[in-house]
Number of protein chains: 2
Amino acid sequence: MHTVEPIQWTPAGVVILDQLKLPSEVVHHTYTDYRDVAKAIKTMIIRGAPAIGVAAAMGIALGVQHSEAKTLEDLRAEFPIICETLAHTRPTAVDLFWAIARFKRRFDELAPAASRNGAAGLDGIRTAMVQEALLVHEERRAGDRCIGKFGAALMPKSGRVMTQCNAGALATAGIGTALGVIRVAIEEGHQIEVLVPETRPYLQGSRLTAWELHEDGIPLTLITDNMVGHFLRTGGVGAVVVGADRIAANGDTANKIGTYGIAVLAKENDIPFYVAAPISTIDLSLPTGDQIPIEERSPAEVTHAAGIRTAPDVRAAHIAFDVTPHRYITAIITENGIAHAPFAPALKDLVQR
Amino acid sequence: MHTVEPIQWTPAGVVILDQLKLPSEVVHHTYTDYRDVAKAIKTMIIRGAPAIGVAAAMGIALGVQHSEAKTLEDLRAEFPIICETLAHTRPTAVDLFWAIARFKRRFDELAPAASRNGAAGLDGIRTAMVQEALLVHEERRAGDRCIGKFGAALMPKSGRVMTQCNAGALATAGIGTALGVIRVAIEEGHQIEVLVPETRPYLQGSRLTAWELHEDGIPLTLITDNMVGHFLRTGGVGAVVVGADRIAANGDTANKIGTYGIAVLAKENDIPFYVAAPISTIDLSLPTGDQIPIEERSPAEVTHAAGIRTAPDVRAAHIAFDVTPHRYITAIITENGIAHAPFAPALKDLVQR
């Protein structure tokens, strides 16, 4: 199984698959300016919290690599600007801030030695930043595979598994979180078909998940978001597995709009509901989901579909995420292991592992 | 409040609002040939079971009015052709056959007297058929208003009410069933905003419900179908009111896909869930919802939105209706009164009233 690559570090620059053009066109952009990487994050050419983390890491590395700074002091002055530019892209993406903080720490670690080595020290920092970005990507791939391994054991041996939005390779730059669980389960011999809700208004389900599963040869059936209940009640679904944008200390989970509804309908029909997400998604500073900020986006996405106006000029709401209270979640699957209820101690334990 | 009219009998002919062109264009067609009315039903220029019943009635009246028959015998030969033409439009619309049967009965009632009166008798039948069509329309309006009156008392005094699909004036040629309840509540002083799910794949919510509410000046917010859960949990929704395609003897209700999910999410959040539908929707011959046939339509509607391809060439399911088990339904509102659980005796009683 060859999984699609949404972002790659290459000698020519950072190569990003344009997710806005999928599935009708498969277009890759090669960026050499970090500002273009920031723009790609902001405009959702690349999306999905973990992939945004990788993109931010590569963006910072690109900024440092191509910086015209001649001295460490110049670079030290420019570095926060690079970081700020990448920070001002997607406010809900926790991996973005995690990646930026990591690069700031790494920069501060390297600076004292670099400052003693002149031009060689400056080059050393440039190289180290690129290595750090490659390491972030490699950790992401390894993390997804661990999530997949832990989660596969929870998947049914046969039948259907429902997901939501795109928590796949396109979202993480690995094998995916939710889709990574499904991929590993299939590698291990499970006979699974994936039910893919289209996930309006951006249609990440139909445009991205259906595309990447189809590319991998994984069987799927695409449905509209309002068919979720019907299929959970009558469609032979053995499990639901979704990603997460942020998980509070008590297990409450923010994810793509619609996730809460799926979770309630899964519970109502005695179907296990799993969240698969990297440890970086867990925010122990937030006691509950009530403290998770919910991103609202342009209502024009709701009054339009595929760019075509579908409604009169009326008020529309575009809530991009919802919060699923932990009581609807059967388990949270991370690269460090699986958390079951009570989630507060279990998540704390996983984060500290 | 002036409610939109999907169909009207006028001296110039039958005027039908083109629902295929909404909301981008408001186009009315004036038909003087009953074959054009049949075509309008078939091509879904007019849709919604009760509105189709009114259209069939007006189509027959138009056919009789414009018939070139010089004698009753000529008209008696032409009448079944008119009826057949209207019958061959939407084979599953129960109101269509109900309207045709009613006109056949009425014709047979009038024919003996007419045959004794020559040309005056022929004119009398023409006039009577037109009166019958106006009566069908008037009864539809009155039925909706009764549903509205009964239902309005169940609506919150202020806040939000959620609906699904289009159970409005456009679907019934009255004030609507679910939207009729909301209209009467507003007339009676309730301060209500309507939450309108767009209702993929056909988008009856965004194209039709949002349009007709906006035309009436009723406040609304359009949402995507996957925002339903978020708004029921956090959006100040005081009630849900939806229409029905068929109601089984035990209260299980088939309605537009997505209705079941809304009902479960409403119950989970302690929000009353109401079904508003004419008595003709209740089918006492079906013991439970399991016996209601569920229509599947073209998967191309799911892989496309607004006519644009949004998914790769993958398998898709297009389930057009779902069944909401009666345990999620707070009450069923009809023109004869309100049924509460246990629904079996309550519905039987209402049907016999």
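Residue numbering restarts at 1 for every chain, and letters A, B, ... go by the order of the sequence lines. Keep in mind that the numbers below use all heavy atoms, side chains included, and drop hydrogens, waters and symmetry copies.
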Task: Residues Arg297(B) and Glu295(B) bridged, charged N to O under 4.0 Å - done: yes

Open item on the list: Can you tell me which portion of Tyr202(A) sits under 4.5 Å from chain B's heavy atoms? Options are side chain, backbone, both or neither.
Closed with: neither

Open item on the list: Given heavy-atom pairs under 4.5 angstrom as the criterion, report whether the side chain, backbone, both or neither of Arg207(B) touches chain A.
Closed with: both

Task: Residue Thr303(B) versus chain A: region with a heavy atom under 4.5 Å - done: both

Open item on the list: Could you walk me through whether Tyr328(A) and Glu268(B) satisfy the side chain to side chain donor-acceptor pair (under 3.5 Å) test, starting with their C-alpha distance in whole Å, then the side-chain angles of each, then the deciding distance to 0.1 Å, before giving a yes or no?
Closed with: CA-CA 11 Å; Tyr328(A) 301 105; Glu268(B) 190 72 10; 2.6 Å; yes

Task: Winner by heavy-atom pair count (cut-off under 4.5 Å) against chain B, out of Ala306(A), Ala317(A), Pro219(A), Gly205(A) - done: Ala317(A)

- [ ] Identify which part of Asn269(B) has an atom lying under 4.5 Å from any heavy atom of chain A, answering side chain, backbone, both or neither.
- [x] side chain

TODO: Below 4.5 Å from any heavy atom of chain A, which atoms of Val228(B) appear? Answer side chain, backbone, both or neither.
DONE: neither

- [ ] Could you tell me whether Arg160(B) sits above the aromatic face of Phe231(B), with NZ or CZ closer than 6.0 angstrom to the six-membered ring centre and within 45 degrees of the axis?
- [x] no

- [ ] Heavy atoms only, distances under 4.5 angstrom: which of Asp322(A), Ile308(A), Leu220(A) has the most pairs with chain B? Name it, please.
- [x] Leu220(A)

- [ ] Might you point out which heavy atoms bring Ser298(A) and His318(A) nearest each other, and give the distance in Å?
- [x] O-ND1, 2.9 Å

Task: Contact class of Pro312(B) relative to chain A, heavy atoms under 4.5 angstrom - done: both

Task: Heavy-atom contact with chain A under 4.5 Å, split by part of His304(B) - done: neither

Task: Largest heavy-atom contact set with chain A, pairs under 4.5 Å, which of Lys256(B), Gln164(B), Arg233(B), Glu301(B) - done: Arg233(B)

Task: Carboxylate-amine/guanidinium proximity below 4.0 Å for Arg183(A) and Asp216(A) - done: yes

Open item on the list: Looking only at the side chains, is there a donor atom on one of Asn250(A) and Thr288(A) sitting less than 3.5 Å from an acceptor on the other?
Closed with: no

Task: Geometric cation-pi criterion Lys267(B) and Phe273(B), 6.0 Å radius, 45° cone - done: no

Open item on the list: Salt bridge or not between Asp283(B) and Arg246(B)? Use side-chain N to carboxylate O under 4.0 Å.
Closed with: yes

Task: Among Val314(A), Asn226(A), Leu232(A), Ile294(A), residue most engaged with chain B (heavy-atom pairs, under 4.5 Å) - done: Asn226(A)

TODO: Measure the shortest side-chain to side-chain distance between Leu195(B) and Val161(B) over non-hydrogen atoms and say whether it is less than 4.5 angstrom.
DONE: no

Open item on the list: Under a 3.5 Å distance rule, please check whether His190(A) uses its side chain to pair with a backbone N or O of Pro156(A) as donor and acceptor.
Closed with: yes

Task: Residue Glu212(B) versus chain A: region with a heavy atom under 4.5 Å - done: neither

Task: Under 4.5 Å from a heavy atom of chain A, the part of Pro325(B) involved - done: side chain

Open item on the list: Does any backbone or side-chain atom of Val196(B) lie under 4.5 Å from a heavy atom of chain A? Answer side chain, backbone, both or neither.
Closed with: neither

TODO: Would you mind checking which part of Thr199(A) comes under 4.5 Å of any heavy atom in chain B, side chain (CB onward), backbone (N, CA, C, O), both or neither?
DONE: both

- [ ] Sort out for me which of Val323(B), Leu208(B), Thr224(B) touches chain A most, counting heavy-atom pairs under 4.5 Å.
- [x] Thr224(B)

- [ ] Identify which of Thr209(A), Thr259(A), Ile319(A) forms the greatest number of heavy-atom pairs closer than 4.5 Å to chain B.
- [x] Ile319(A)

- [ ] Against chain A, label Ser24(B) side chain, backbone, both or neither, depending on which of its atoms sit under 4.5 Å from a heavy atom there.
- [x] neither

Open item on the list: Counting heavy-atom pairs closer than 4.5 Å to chain A, which one of Arg200(B), His214(B), Glu215(B), Glu198(B) comes out on top?
Closed with: Arg200(B)

Open item on the list: Please determine whether a side-chain nitrogen of the Lys or Arg among Glu193(A) and Arg315(B) lies less than 4.0 Å from a carboxylate oxygen of the Asp or Glu.
Closed with: yes

TODO: Select one option (side chain, backbone, both, neither) describing which atoms of Leu203(B) are under 4.5 Å from chain A's heavy atoms.
DONE: side chain

TODO: Determine whether Pro197(B) and Met227(B) make a side-chain contact, defined as any pair of heavy atoms from C-beta on separated by less than 4.5 Å.
DONE: no

